[in-house]
Number of protein chains: 2
Amino acid sequence: MEYTVQKLGKLAGISTRTLRYYDEIGILKPARINSSGYRIYGQSEVNCLQQILFYRELGLSLEKIKEIMSDPSFNGTEALIKHREKLLDKKKQLELLIENVEKTIASSEGRMTMTDQEKFEGLKQKLIDDNEKQYGKEIREKYGEETVNQSNIQLKNMTQEQYEEVTRLGDELRAALSEAFKTGDPAGELAQKTADLHKQWLCFHWSEYNKEAHAGLAQMYVDDDRFKQHYDKDQPGTAEFLRDAIQIYTGTKL
Amino acid sequence: MEYTVQKLGKLAGISTRTLRYYDEIGILKPARINSSGYRIYGQSEVNCLQQILFYRELGLSLEKIKEIMSDPSFNGTEALIKHREKLLDKKKQLELLIENVEKTIASSEGRMTMTDQEKFEGLKQKLIDDNEKQYGKEIREKYGEETVNQSNIQLKNMTQEQYEEVTRLGDELRAALSEAFKTGDPAGELAQKTADLHKQWLCFHWSEYNKEAHAGLAQMYVDDDRFKQHYDKDQPGTAEFLRDAIQIYTGTKL
DNA sequence: GTTTGACATTGACGCAGCGTCAAGGTGTAC
DNA sequence: GTACACCTTGACGCTGCGTCAATGTCAAAC
């Protein structure tokens with residue numbers, strides 16, 4: 001069976017312009033040119049076009065497709081088997097994305113909440129490997145033991161850099177709090193700097209900051225025994241001190 | 001949680017350039033600009049970006065995404081439900097494509113054959129509806145009864161125009177054959193024109209034409225009872241006449 | 001025989017969606 | 001202080017075609 005541009009275009013679902021372009025860049029030349037200059041495609045060109053479209057579907061550039069297919073060691077069947085695998089990967093990712101959309105629907109209806117990280121699941125391409133194999137592992141090896149990970153803080157929201165920044169900020173906060181406590185003055189410069197650091201640290205975990213919530217959290221550090229024990233561990237009275245400093249910082253007394 | 005360009009980029013798996021571009025075309029503006037001119041994104045921008053990427057995944061242009069999302073009647077949840085459906089469609093198409101690749105593998109190993117039409121299954125996007133609902137139905141209503149459809153001719157290879165052309169050619173062939181038969185001369189002008197028409201008709205079904213095969217087919221018209229009955233239906237002896245004409249035309253006597 | 005209409009051809013320009021420099025300001029860590 | 005990683009705004013370039021425009025071809029219809 002022989003095809004003109006339009007016939008082949010309709011068969012394959014592409015435009016004649018696309019076929020002209022493929023001829024131009026030398027990725028798919030017609031079998032022959034007839035006496036009137038028309039492009040005539042044959043059976044092998046049909047098969048070649050199919051391969052090209054397979055690769056295109058996988059997102060490869062035409063340049064690379066050309067390179068691959070003109071490689072003398074190119075093995076059609078082998079390539080197809082690889083295609084199949086890649087397509088199965090793509091299917092998995094699509095299923096992830098569908099799951100994501102379903103979660104987002106549930107979240108928009110208030111039936112559940114999503115971390116920012118979860119919101120982009122299935123939208124990133126290859127990062128899934130890197131993220132989970134390399135990144136995820138390293139992170140867990142480095143920081144896996146920290147108790148803060150077991151708290152209600154949603155660290156999954158963060159990229160590695162953010163994680164490092166927030167832990168650094170946490171260290172700074174602890175040091176500043178310890179020093180400030182020694183001054184005994186919750187209104188003093190050091191204590192107010194501590195309160196500011198606490199706010200910064202908090203902003204990593206809260207989508208919206210407001211003074212009332214900040215002061216409320218500070219009060220909870222005193223009321224909730226788990227928090228109180230944590231802050232008072234080295235220097236008893238620290239939880240109250242931090243609360244006072246924050247109440248002064250925010251200008252909010254409950 | 002607040003994000004700078006790079007942090008948001010890493011979260012969503014896109015480049016900072018992309019975020020700048022989205023700002024430039026007004027599809028995703030940062031929540032605010034800090035004192036140094038840095039773009040700062042907030043929670044609602046994260047959600048908005050997610051929506052944008054959902055739409056982008058479906059292949060919409062940024063222009064249309066902007067249009068849709070800035071529409072005051074835009075309903076997020078409703079859009080998500082539509083997203084889900086489209087993604088399921090996409091998944092179906094992907095499964096089709098995978099099936100196609102598997103078939104192609106089988107075909108390359110000689111375990112089966114594929115029509116040209118089948119080779120592009122799953123690569124065309126929306127045509128599946130149109131083709132099967134409209135086109136396929138009409139065709140079948142028009143030509144469904146023709147016995148030629150039940151023969152070994154792979155009509156599925158053709159687009160509608162090709163189908164029409166080949167049936168027209170078939171009509172022409174039958175008429176010419178009938179007239180030529182009346183002359184009684186297989187070497188005559190009419191008979192030779194008939195043989196030529198037969199060749200043309202044949203070229204729609206064979207990927208490669210050669211005289212020997214043509215003559216062989218002509219012989220089969222006489223030897224195979226099904227074909228003989230078909231051609232001799234109106235004028236007995238037509239099958240032999242056509243064979244003789246073709247043998248003269250091709251210069252091949254078996 | 002010519003005219004119509006659907007096909008084909010080769011340019012050429014344009015567009016989306018960024019990638020990729022360049023030249024410079026910012027901010028924090030050692 | 002200085003190194004370094006981040007941010008900014010241009011500006012140019014690239015891919016993969018869409019979309020004219022101007023022109024030639026061919027089968028069918030008048």
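Just so you know, these numbers use all the heavy atoms, side chains as well, and skip hydrogens, waters and symmetry mates. Convention: sequence-line order gives letters A, B, ...; per-chain numbering from 1.
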Does B:Ile25 reach a base, just sugar-phosphate, or nothing at all? Heavy atoms under 4.0 Å.
nothing
Modelled atom types, side-chain donor and acceptor of A:Gln43 and B:Asp116, under 3.5 Å
yes
Measure CG/B:Asp23 against P/D:dG10 and give the value in whole Å, please.
12 Å
Pairs involving residues 11-54 of chain B, ordered by first then second residue, that meet ring pair (Phe, Tyr, Trp, His ring centres under 6.0 Å) (sequence neighbours left out)
B:Phe54-B:His83
Counting only heavy atoms not in B:Glu63, do more than 12 sit closer than 6.0 Å to its CD atom?
no
Are any of A:Ser15's side-chain N or O atoms less than 4.0 Å away from OP1 or OP2 of D:dG18?
yes
Taking only N/O atoms, report every protein-nucleotides 20-22 of chain D pair under 3.5 Å with atom names and distance.
none

Expressed in angstrom and rounded to an integer, what is the separation of A:Ile33 atom CD1 from D:dG24 atom P?
19 Å
Nearest-Å distance, CG (A:Leu49) to P (D:dG16)?
15 Å
Would you indicate what B:Thr16 reaches in the nucleic acid, counting non-hydrogen atoms under 4.0 angstrom: base, sugar-phosphate, or nothing?
nothing
C:dC7 C1' sits how many Å from A:Lys10 NZ, rounded?
11 Å
Quick check: on DNA chain C, is the nucleotide nearest A:Thr4 upstream (toward 5') of the one nearest B:Tyr21, or the reverse? Name the residue that is more 5'.
A:Thr4
Return whichever of B:Arg39 or A:Tyr22 has its heavy-atom-nearest nucleotide of DNA chain D closer to the 5' end.
B:Arg39
B:Val5 side chain: which of D:dC6, C:dA8, D:dT8 is closest?
D:dT8
Go through B:Glu2 and B:Arg32 one step at a time and tell me if the salt bridge (Lys or Arg N to Asp or Glu O under 4.0 Å) criterion holds.
CA-CA 10 Å; B:Glu2 296 199 318; B:Arg32 61 189 179 82; 2.9 Å; yes
In whole angstroms, the gap separating C1' of C:dC18 from CG of B:Leu62 amounts to 9 Å
Let me see the working for A:Leu28 and A:Asp23 under side chain to side chain contact (heavy atoms under 4.5 Å, CB included), right down to the final yes or no.
CA-CA 5 Å; A:Leu28 182 70; A:Asp23 184 5; over 6 Å; no
I want to verify a distance call: between C:dC7, D:dG16, C:dC18, whose nearest atom is closest to the B:Thr18 side chain?
C:dC18
For A:Lys29, I'd like to know if atom NZ has over 12 heavy atoms of other residues, nucleotides or ligands within 6.0 Å.
yes
Please step through side chain to side chain contact (heavy atoms under 4.5 Å, CB included) for the pair A:Ile33 and A:Ile40, ending with a clear verdict.
CA-CA 6 Å; A:Ile33 307 286; A:Ile40 307 294; over 6 Å; no
A:Lys119 and A:Asn100: side chain donor to acceptor below 3.5 Å:
no
Spell out protein contact along nucleotides 22-27 of chain C as letters: B when the base is contacted, S when just the sugar-phosphate is, - when no protein heavy atom is under 4.0 Å; keep the 5' to 3' order.
---BBS
When you check the phosphate oxygens OP1 and OP2 of C:dA6, does a side-chain N or O of A:Gln6 lie under 4.0 Å from one of them?
no
Could you tell me how far apart B:Ile27 (CD1) and C:dA16 (C1') are, to the nearest whole angstrom?
12 Å
Could you check how far CD1 of A:Ile14 sits from P of D:dC17, rounded to whole Å?
8 Å
Sidechain N-carboxylate O distance under 4.0 Å for B:Glu85, B:Lys90
no
Under 4.0 Å between a Lys/Arg side-chain N and an Asp/Glu carboxylate O for A:Lys182 and A:Glu179?
yes
Give the rounded distance in Å between these two atoms: NZ of A:Lys64 and P of D:dG16.
11 Å
